[in-house]
Q: 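One structure is given below, represented as structure tokens, and several questions about it will come after.
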Amino acid sequence: MSTFSDKSNRLIILHHSEIALKKGNRSYFENRLRWNIQRALSDVKGIHVRIDFGRFVLSVHKDCDIDLVIDRLRQVIGLASIRLAFTGDPNPERLQEQVFELVRDKKFDSFCVATNRVDKQFPFTSTQVNQIVGARIHQALGARVDLKNAELVIKIDIVNKRVYYSVDIFPGERGLPIGSTGKVVSMLSSGIDSPVSSFRMMKRGCRTIFVHFHSYPFTEKTSLHNALELAKILNTYQNDSKIYFVPLADIQREIILAAPAKLRVVLYRRMMFRLTELVARREGARAIVTGESLGQVASQTLENIAAISEVVSMPVLRPLIGMEKEEIIEVARRIGTYDISIEPYDDCCSYLVPARPETNARLDEVHAAEEKMGDWASLIEKVLQETTVEKIQFPPR
Ligand code: ATP
Ligand code: MG
């Protein structure tokens with residue numbers, strides 16, 4: 001990273017995304033984000049974070065691995081941009097030289113200087129600073145000034161009597177800081193959709209607990225392994241996750257014995273929802289998240305969604321309900337879950353499922369089938385006792 005080769009005096013400036021909209025609660029969101037930034041970098045020594053007029057300013061020790069720090073910050077939800085910066089001299093003539101030194105070896109035909117003067121006591125206006133700094137670069141390097149489409153954008157921030165200048169900018173993940181809007185429990189299969197639906201809620205500020213259902217020992221352990229790997233990837237965006245592994249096999253056996261084959265999927269899923277709600281209550285979560293998308297598979301018709309949601313009193317959030325598969329895949333690829341999701345696995349929902357499952361489950365039939373199962377409530381209790389939890393830490397230590 002050439003512009004950062006002078007390691008003394010290095011800074012990183014972070015702008016947050018939507019927090020600015022939350023006027024009354026601004027400090028609440030800011031503190032949450034600050035905590036998340038510190039957590040994401042907690043294994044990196046020599047970083048100090050402070051808040052300076054609505055932006056985070058990180059001072060970075062010369063021995064820090066800056067690429068690692070940037071990679072970590074790019075996954076912190078709530079940041080709009082990440083800029084490598086230096087402290088500049090408040091005297092524009094000297095600042096002019098500092099900026100020139102930073103860009104003189106770069107190749108660019110057009111540039112602009114964008115000064116943001118938060119400190120109105122500063123004796124020069126932002127336009128004056130732009131002109132003074134820009135003139136030096138134009139004269140010495142011949143590059144033309146382009147305010148709209150510059151190849152190189154030089155940012156200068158004047159905040160609280162301090163001056164920062166930078167040219168390297170990385171996009172942040174945006175969204176609301178994890179934990180700022182509450183906690184949810186997300187049903188995580190090892191398919192393509194549910195990692196994306198989990199991620200969507202994470203971006204809305206939800207701390208997300210994962211629940212995975214499996215039919216082991218009736219099926220292999222692949223789905224558990226894949227779900228854990230997916231949770232680990234998602235964890236890089238939220239740090240310190242938890243995944244519950246719920247054994248569904250005993251319940252499935254009872255369903256298979258008691259109910260018509262075509263109702264199996266709906267009945268499996270009603271039990272999954274009941275169990276998820278119990279986990280959510282134990283965790284103090286306020287909603288259940290699924291990766292359902294209307295019409296995608298047999299269990300995702302409006303009728304079946306109704307027959308499944310009926311069993312829980314907690315809100316069920318379905319962030320993908322109106323999305324197309326291609327759009328979902330695009331997100332999955334970007335966040336890095338796609339390759340694991342397409343690995344083959346035994347799905348507990350496809351365990352002993354007929355080729356033509358019911359797409360229009362009638363509630364009276366569903367209720368009758370559950371009646372026939374007898375004391376399923378004790379079975380649920382037993383399953384919860386056999387449920388295991390795995391904690392995932394990030395950053396790794
Ligand atoms: P996905 O790609 O997320 O597996 P899907 O298109 O295969 O979804 P279904 O199998 O009908 O659809 O599942 C719908 C939703 O139910 C999933 O998105 C997920 O939230 C939840 N779900 C399905 N299977 C499991 C499982 N084994 N463990 C936890 N949740 C599951
Ligand atoms: Mg699935």
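As the structure is a computational prediction, the values presented were derived from the model and not from experiment. By convention here, the first residue in the shown sequence is residue 1. Each ligand, and each atom within it, is numbered from 1 in the order the structure gives.
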Q: Considering only heavy atoms of L188, which atoms of ligand 1 have at least one such atom less than 4.0 Å away?
A: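 Ligand 1 atoms under the 4.0 Å threshold to L188: 28 (N), 29 (C), 30 (N).
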Q: If two hydrophobic side chains count as joined below 4.5 Å and joins carry through other members, does F86 share a cluster with I137?
A: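 Yes, same cluster.
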Q: For V211, counting its heavy atoms only, list the atoms of ligand 1 lying under 4.0 Å from any of them.
A: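 So the atoms of ligand 1 that pass are 29 (C).
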Q: Do any N/O atoms on V289 end up under 3.5 angstrom from N/O atoms on ligand 1?
A: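 No; every N/O pair is 3.5 Å or more apart.
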Q: For T290, take its heavy atoms, then give the atoms of ligand 1 lying under 4.0 Å from any of them.
A: 20 (O)
Q: Going by the order shown, which atoms of ligand 1 are within less than 4.0 Å of some heavy atom of I192?
A: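 Atoms satisfying the 4.0 Å criterion: 2 (O).
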Q: Kindly check if the number of other-residue, nucleotide or ligand heavy atoms within 6.0 Å of CZ (R207) is above 12?
A: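 Yes, because the 6.0 Å sphere around CZ of R207 holds more than 12 heavy atoms from other groups.
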Q: Is the H214 ring parallel, tilted or perpendicular to the H212 ring (thresholds 30°, 60°)?
A: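 Ring orientation, 0 to 90° scale: parallel.
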Q: For ligand 1, note which part of H214 has a heavy atom under 4.0 Å away: side chain, backbone, both or neither.
A: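 The answer is neither; H214 stays 4.0 Å or more away.
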Q: My understanding is that we take every heavy atom of each candidate and find the minimum distance to atom 12 (O) of ligand 1. Doing that for K325, E292, Q300, which one comes out nearest?
A: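 Minimum heavy-atom distance to atom 12 (O) of ligand 1 goes to Q300.
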Q: As a check for students: among S194, S186, A332, identify the option with a heavy atom nearest to atom 3 (O) of ligand 1.
A: S194
Q: In terms of heavy-atom contacts, does NZ of K120 have more than 12 from other residues, nucleotides or ligands at under 6.0 Å?
A: yes
Q: Using a 4.0 Å cut-off to any heavy atom of H212, which atoms of ligand 1 qualify?
A: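 Those of ligand 1 that fall under 4.0 Å from H212 are 27 (N), 28 (N), 29 (C).
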Q: Less than 4.0 angstrom from a charged side-chain N to a carboxylate O is my criterion; do D52 and R50 meet it?
A: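 So D52 pairs with R50 through a salt bridge.
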Q: I'd like to check which ligand 1 atoms, numbered from 1 as shown, lie under 4.0 Å from a non-hydrogen atom of M187.
A: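 Listed by number with element, the hits are 19 (C), 20 (O), 21 (C), 29 (C), 30 (N).
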Q: The test is salt bridge (Lys or Arg N to Asp or Glu O under 4.0 Å); show your working for E310 and R270 and say whether it passes.
A: CA-CA 8 Å; E310 175 196 55; R270 281 166 68 97; 2.7 Å; yes
Q: Does E97 pair with R104 as a salt bridge, N-O distance under 4.0 Å?
A: no
Q: Relative to the heavy atoms of D193, which atoms of ligand 1 are at a distance of less than 4.0 Å?
A: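 Reading through ligand 1 atom by atom, the close ones are 1 (P), 2 (O), 3 (O), 5 (P), 6 (O), 8 (O).
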